[in-house]
Structure formats: structure tokens, C-alpha cells
*Asks:* 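The following block contains the structure, expressed as C-alpha cells.
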Amino acid sequence: MAAFSARTRLILWLFAAGIGLALFFTGEYRDLDLPLGWIGTVLFVAATWFSVDALYRVPQSEEEAAVAPGEWQAWIGVAFVGAIIVASLLHADVFLPQVPIGQNPDTNKAGQSIGTLFVAWLVLAHVLKQRWAGKVLTDERDTRIELIASQWGRGATAFVVIGIAVLLGFSDTDRLREFSYPFIAQMLMFSLLWGLWFDQVVAALLYWRDRQVAA
């Protein structure tokens, strides 16, 4: 890829990471015995690492400077937390058996896949902070947006927790037997992820609105 510019390589690797995520969510194909979920995980991780290298080499532009670091982090958070939520929902059924998580190989595979997304997100966020070294990352506007977004995030988390409480409280005995403790734990984790995703969405939209007003 030496013939391509750093910006072009970054776009290509991000595109490859998107393909990896698509294969990751596809999992095992119905008709062909192909481990597409595993292939997607490897492709996504490799593309993320090469994207990090390309990101270091991309020269900073006026367009990038116009977007606050907080907005960059918020949009990235929207993408990764959204992907983690989708992965959690797709693997929710593996938590239904009345078996401890440590003794269920299917939940271990699901945890490894979701953990891969977390690691890739943390690495990319860290690289962006290194790229912005020496710049002012937060000011009064960032603090205000963070406060508003966190309030919306807590409200979203509380809404899901209340929904889970109502579901468990008003379900009949036969229905309750279908909910294993690992599945309930997964629902509680989903409530935290939903609140975090909502936090990131609100922050990104507030940054975007301020940028449109300033323009």
C-alpha cells in the first residue's frame, strides 16, 4: 500500500474493519460451514491496528481541527458501543441455559468477541489522545456537554433497569423459569451499555449542533 497516501490507506483500512464487523455479526453461515465470525474478528482487529498506524501518518487538516476532540471521541463511542450492543443482543440466547457462565463454552466465545470490540475501541481512543497531545482537550463547553450527556445516559440506564424490573416482577412463574441468572446478568449489562451509548449519542449531537451554529 506504499503507493497510496496516508489518508487513503486510513480509509481503506477503516473499510476493511467495517467488513470485519459485518462478518463478525454474521457468525457461522447457515449453509456453508465457514467460521465467518472468527474470520471477521481477525480482520477487524488487523484492520484496526493498521488504521492506527495510518492515523499516525495522516497530516492534520483544517477539517479535523474544526471538530473538537470530544466530538471525535463521542462519534467513535457511538460506533463501538453500538457494535457491542448488537453483538450482545445477537449472543443473548447463549446465556439462557441454567449453567454458570464459567461452565458454558458458548458464553466464553461470546465474551471473547465482545472483549475484542472493547480492546479495539480503547486502542483507537488512546491513539487519538496521543495524536492530540499538547492541545487543550476540554474546556467549559466540553464540561457542559459531558454533564448534559451523562444526565441523559443515566436516564436511559434507569429506563432499561425499570423495564427489566417490571418484566421480572409481572412475569408468571413459568416465564421466570426461562430467565437464567446469567441471562439476567446479561440484561443488566445491556442496561449499562444502553446508557453509555445514549450518553455518546447525545454528546455527539450536541457537539454537531454547536458546530452548525458556529458555521
*Asks:* Examine distances only and state if a side-chain atom of Ser180 and a backbone atom of Phe95 form a donor-acceptor pair shorter than 3.5 Å.
*Replies:*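 It does hold such a pair.
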*Asks:* Are Leu188 and Phe179 in one and the same hydrophobic cluster, where Ile, Leu, Val, Met, Phe, Trp and Tyr link if side-chain heavy atoms are under 4.5 Å apart?
*Replies:*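 Linked within one cluster.
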*Asks:* For Ala74 and Ala203, which heavy atoms make the closest approach, and how far apart are they?
*Replies:*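 Looking at all heavy atoms of both residues, the shortest contact is CB-CB, 4.1 Å.
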*Asks:* Indicate the atoms forming the closest heavy-atom contact of Val160 with Ser191, along with that distance.
*Replies:*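 So the two residues come closest at CG1-CB, 3.5 Å.
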*Asks:* Are Pro182 and Asn104 packed together at the side-chain level, in the sense that at least one heavy-atom pair is separated by less than 4.5 angstrom?
*Replies:*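 Side chain of Pro182 against side chain of Asn104, heavy atoms only: no contact under 4.5 Å found.
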*Asks:* Should Phe183 and Leu168 be counted in the same cluster of Ile, Leu, Val, Met, Phe, Trp and Tyr side chains packed under 4.5 Å apart?
*Replies:*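 Looking at the clustering, Leu168 is in the same group as Phe183.
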*Asks:* Starting at CG of Asp142, measure out to OH of Tyr207 and round the result to the nearest 0.5 Å.
*Replies:*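 One gets 3.5 Å once the value is rounded to the nearest 0.5 Å.
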*Asks:* Spell out, as yes or no, whether a donor-acceptor pair under 3.5 Å connects the side chain of Gln98 to the backbone of Arg177.
*Replies:*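 Between the backbone of Arg177 and the side chain of Gln98 there is a qualifying donor-acceptor contact (under 3.5 Å).
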*Asks:* Taking salt bridge (Lys or Arg N to Asp or Glu O under 4.0 Å) as the definition, give me every residue that meets it alongside Glu178, ordered by chain and number, with sequence neighbours left out.
*Replies:*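 Applying salt bridge (Lys or Arg N to Asp or Glu O under 4.0 Å) to Glu178 gives Arg175.
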*Asks:* May I have the step-by-step check of side chain to side chain contact (heavy atoms under 4.5 Å, CB included) for Trp194 and Thr157, ending in yes or no?
*Replies:* CA-CA 6 Å; Trp194 177 255; Thr157 301; 6.0 Å; no
*Asks:* Hydrophobic clustering (ILVMFWY, side-chain heavy atoms < 4.5 Å, transitive) - are Leu176 and Leu96 grouped together?
*Replies:*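 Result: yes, single cluster for both.
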*Asks:* If you measure from CG on Leu192 to CE on Met187, what distance do you get to the nearest 0.5 Å?
*Replies:*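 Spacing of CG (Leu192) from CE (Met187) equals 13.0 Å.
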*Asks:* Might you work through the side chain to side chain contact (heavy atoms under 4.5 Å, CB included) test for Trp197 and Val78, ending with a clear yes or no?
*Replies:* CA-CA 6 Å; Trp197 183 80; Val78 170; 3.8 Å; yes
*Asks:* Between Trp75 and Leu196, is there shared hydrophobic-cluster membership here, with clusters defined by ILVMFWY side-chain heavy atoms closer than 4.5 Å?
*Replies:*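 Result: yes, single cluster for both.
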*Asks:* Honestly curious: do Val81 and Ile148 fall in one hydrophobic cluster under the side-chain, below-4.5 Å linking rule?
*Replies:*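 Yes; tracing contacts between hydrophobic side chains, which count when under 4.5 Å, links both residues.
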*Asks:* First locate atom CD1 of Ile145, then atom CG of Leu205, and finally report the distance between them rounded to the nearest 0.5 Å.
*Replies:*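 Here the rounded value is 10.5 Å.
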*Asks:* What's the separation between atom CG in Leu167 and atom CD1 in Ile184, rounded to the nearest 0.5 Å?
*Replies:*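 One gets 9.0 Å once the value is rounded to the nearest 0.5 Å.
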*Asks:* Any chance you could lay out the side chain to side chain contact (heavy atoms under 4.5 Å, CB included) test for Phe190 and Ile164, step after step, and finish with the verdict?
*Replies:* CA-CA 10 Å; Phe190 171 79; Ile164 294 173; 5.8 Å; no
*Asks:* Filter on salt bridge (charged side-chain N to carboxylate O under 4.0 Å, His left out), then keep only pairs touching residues 144-164, sequence neighbours left out; what's left?
*Replies:*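 Salt bridge (charged side-chain N to carboxylate O under 4.0 Å, His left out) check on residues 144-164 returns Arg144-Asp210.
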*Asks:* Quick one: closest heavy-atom pair of Gln186 and Ser88, and the distance?
*Replies:*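 Result for this residue pair: NE2-CB, 3.7 Å.
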